[in-house]
Number of protein chains: 2
Amino acid sequence: MTGRVALGIDGTRTIQEGRARDGCGREGNDACLQCNLGDLAFCHGLPEGELRGLMSIQGCVRTTPQDTLFNEGDRATYLYSPLSGAVKIYKLMADGRRQITGFFFRGDLFGFSPNGLHGYTAEAVTAGSLCRFPAAKMELLYPDSPVLAREVLRRSMIKLAHFHEHTLLLGRKSAPEKLASFLLTLSQRAVERGDSASPVLIPMGRSDVADYLGLTIETVSRTLTKFKASGLLELPNPSTVALRDPAALRRIADGGI
Amino acid sequence: MTGRVALGIDGTRTIQEGRARDGCGREGNDACLQCNLGDLAFCHGLPEGELRGLMSIQGCVRTTPQDTLFNEGDRATYLYSPLSGAVKIYKLMADGRRQITGFFFRGDLFGFSPNGLHGYTAEAVTAGSLCRFPAAKMELLYPDSPVLAREVLRRSMIKLAHFHEHTLLLGRKSAPEKLASFLLTLSQRAVERGDSASPVLIPMGRSDVADYLGLTIETVSRTLTKFKASGLLELPNPSTVALRDPAALRRIADGGI
DNA sequence: CGCCTCCTTGAAGTGCCTCAAATAATGTGG
DNA sequence: CCACATTATTTGAGGCACTTCAAGGAGGCG
């Protein structure tokens, strides 16, 4: 009964309820006790009473790569927090141009909506599992859960800060600056999750990287090759990057003169 | 005693406390009663008790063009909501490249920070006045002001939605698509504030528009000229745009095939 | 009126994109 | 486990949208 997948009318796979062993699936009382996020969890440190309210509405889903969690325009039913794996969110234009607006990993939180509708599509990058909470029930909790409400606000402010940074990247940085920034951010986020800084795993394909940075896959590939030739990094395989000279990458990322 | 300005150590002008007649300046009890924002105000509709808490910490500043409200890296002391005028926020790179990440008008809210430091600089585009609230005192209000806390969260989610849209614009749209999107958004926001949709005022200069859209001033100017030649709009003066064919602009903005 | 700033227009350059193909990685059925 | 099919990534050549550099108008203000 784990990771069942149903085909949507358009043939894309859509996740269903999950039942599994990594803390995912045990709905209700003991689910959060098995959560392995530790202090990465947005519910970490909640007072007893608030946590109980959250646990009572907590659910879980598992994903396989390319599973769609929700589509742009869908009712914003759930808030999600990955336990493992990676998720991307993106917007599409009529002619197929795509802009990925975010990647989410262990402990992140996404699915916010100001108007009850999702403004973007969410799709799994890798297999994994996500903790999720019904948005409507969540809102009912806020008035009596000040710490929870405060933490959700803090998370959304962190997202806003990321967007300011990414807006600068998209609007004003060159391709090498974009790639250097991207790799360093991936590395830093890996560290925050407790993973290693240097052999960084790039779970998404070149096409996802390109659509996140406002480039083409060819430019992404060429730029990485150039970095490799300069001794800035190594690419043992397309999805692993060893940062050989993070300081130099930092200078490039910041437009060092 | 209105709109006094002090020179910062770098010679840029920095706003000081204001005292004035448009609802700005009367600190304390009666300030909010004179507020002319109506339902645009983020404090609109707050229950009596919550509003009283807000009023007790409310303050006001006036700006003249190019006044700096705060710099990137400054302590995030205040949250701001313009009563009149326009404000831009931006990030700078070491070599001077600039990305404007937002414009704020009557009723908007800005100054959020997840870590106590501003991640961007805020500068007045025009003369005007802003309602402001000490961030630290604001946070003390949240636990006992669920409606206020909810509204601040809602505002930050609206900002997030704007960023998703703007990220798509920066990463994937052509110059004409960017300009068409920008003009339509300005127009729509004017309507939301109760202003006219079509002769739209563009309070910021070409250089601000360029730095917001990730273009150069030359490209902005050329593209507007092209739109004018196509009969899509008229430019009675550089800061006024009459949208002659909003539907066509919409098609362009969306990448109509 | 003259100066300054902002905006517009022109000409040339370039960084990234598009189109095209080779190579590497991944998965699959026998 | 291997041969093959499929997909992802890399590499190459040429083109174009936007930038850069440069100069000419148009208001605004003392």
Side-chain angles (χ1 to χ4, degrees), chain A residues 64-66 88 93 95-100 125-127 169-183 201-230 233-241 252 255, chain B residues 64-66 88 93 95-100 125-127 169-183 201-230 233-241 252 255:
Chain A
T64 56
Q66 272 121 51
K88 67 191 171 203
M93 292 179 65
D95 60 1
R97 274 175 286 174
R98 185 180 70 154
Q99 178 65 42
I100 292 180
V125 171
T126 67
L169 179 150
L170 289 173
R172 288 297 177 223
K173 291 192 178 182
S174 69
E177 290 164 356
K178 286 177 174 181
L179 259 300
S181 303
F182 176 69
L183 294 175
L201 181 68
I202 313 214
M204 66 292 289
R206 295 290 181 269
S207 144
D208 283 350
V209 175
D211 283 350
Y212 181 63
L213 299 178
L215 299 170
T216 60
I217 55 174
E218 293 93 334
T219 299
V220 169
S221 183
R222 271 187 258 269
T223 305
L224 288 177
T225 302
K226 210 181 57 179
F227 283 172
K228 189 170 61 174
S230 313
L233 48 81
E234 280 167 46
L235 285 162
N237 64 66
S239 59
T240 306
V241 176
I252 295 176
Chain B
T64 56
Q66 273 121 50
K88 67 191 172 203
M93 291 178 67
D95 60 2
R97 276 176 284 174
R98 185 180 70 155
Q99 179 65 40
I100 291 180
V125 172
T126 67
L169 178 149
L170 288 172
R172 286 300 178 222
K173 291 192 179 182
S174 69
E177 290 164 356
K178 286 176 174 181
L179 259 301
S181 302
F182 176 69
L183 294 175
L201 180 68
I202 313 212
M204 66 291 289
R206 294 291 181 271
S207 142
D208 284 349
V209 174
D211 283 349
Y212 181 62
L213 300 178
L215 298 170
T216 59
I217 55 174
E218 294 93 333
T219 300
V220 169
S221 183
R222 272 187 257 270
T223 306
L224 289 176
T225 303
K226 210 181 58 179
F227 283 172
K228 189 169 64 173
S230 312
L233 50 79
E234 281 167 45
L235 286 162
N237 63 68
S239 61
T240 307
V241 176
I252 294 175

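Proteins get letters first, then strands, A, B, ... in listed order; numbering begins at 1 in each.
- With rounding to whole Å, A/Asp211 atom CG is found 12 Å from D/dT9 atom P.
- Across the protein-nucleic acid pair, B/Leu179 atom CG and D/dA17 atom P stand 16 Å apart, rounded to whole Å.
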Is there any protein nitrogen or oxygen under 3.5 Å from a nitrogen or oxygen in nucleotides 18-20 of chain C, and what are the pairs?
| unit_1 | atom_1 | unit_2 | atom_2 | d |
| --- | --- | --- | --- | --- |
| C/dT18 | O4 | A/Arg222 | NH2 | 3.1 |
| C/dC19 | N4 | A/Glu218 | OE2 | 3.0 |

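- As judged by a 4.0 angstrom heavy-atom cut-off over every strand, B/Leu224 is placed among residues making no nucleic acid contact.
- A distance-only check finds a donor-acceptor pair linking the side chain of A/Gln99 to the backbone of A/Tyr212 [under 3.5 Å].
- The interatomic distance linking B/Ile202 (CD1) with C/dC7 (P) rounds to 10 Å, in whole Å.
- Atom CZ in A/Arg172 sits about 13 Å away from atom P in C/dC16, given to the nearest Å.
- For the pair A/Leu224 and A/Leu233, the tightest heavy-atom approach, listed with the atom from each and the gap, is O-CD1, 4.0 Å.
- A donor-acceptor pair under 3.5 Å is formed between the side chain of B/Thr223 and the backbone N or O of B/Thr219.
- Interatomic distance, B/Leu169 CG to B/Ser181 OG, rounded to the nearest 0.5 Å: 5.0 Å.
- Between B/Leu179 atom CG and B/Ile252 atom CD1 the span is 10.0 Å, to the nearest 0.5 Å.
- Distance A/Asn237 CG to C/dG27 P: 12 Å, rounded to the nearest Å.
- Rounded to a whole Å, the CD atom of B/Gln66 is 11 Å from the P atom of C/dT5.
- Nearer to the 5' terminus of DNA chain C, by closest-nucleotide assignment, is the contact made by A/Lys173 (compared with the other of A/Lys173 and A/Ser239).
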Where along nucleotides 24-30 of chain D does protein come under 4.0 Å, by heavy atom, of base (B) or sugar-phosphate alone (S), with - for untouched nucleotides?
-------
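- Atoms NZ (A/Lys226) and P (D/dG12) sit 15 Å apart, rounded to a whole Å.
- The shortest distance between side-chain heavy atoms of A/Leu235 and A/Thr240 does not fall below 4.5 Å.
- Of the inter-residue distances, the one linking A/Leu170 atom CG with A/Lys178 atom NZ reads 5.5 Å to the nearest 0.5 angstrom.
- You'll find that the side chain of B/Ala175 is closest to D/dC18, out of D/dC18, C/dT8, D/dT10.
- Here D/dT10 is the nucleotide among D/dT10, D/dC18, C/dT8 with the atom lying nearest to any side-chain atom of A/Thr225.
- Residues B/Met204 and B/Ile202 meet the side-chain proximity criterion, which asks for heavy atoms closer than 4.5 Å.
- If you run salt bridge (charged side-chain N to carboxylate O under 4.0 Å, His left out) between A/Asp211 and each of A/Arg98, A/Lys88, A/Arg97, only A/Arg98 comes through.
- With rounding to whole Å, B/Ile217 atom CD1 is found 9 Å from C/dC6 atom P.
- A donor-acceptor pair under 3.5 Å links the side-chain atoms of B/Arg172 to the main chain of A/Leu215, judged by distance alone.
- Once rounded to the nearest 0.5 Å, the distance linking CZ of A/Arg222 with CD1 of A/Ile217 reads 10.0 Å.
- DNA chain C is contacted by no residue of residues 203-210 of chain A, taking any non-hydrogen atom closer than 4.0 Å.
- Across B/Pro203 and B/Thr126, no two heavy atoms sit closer than the pair CB-CG2, 3.8 Å.
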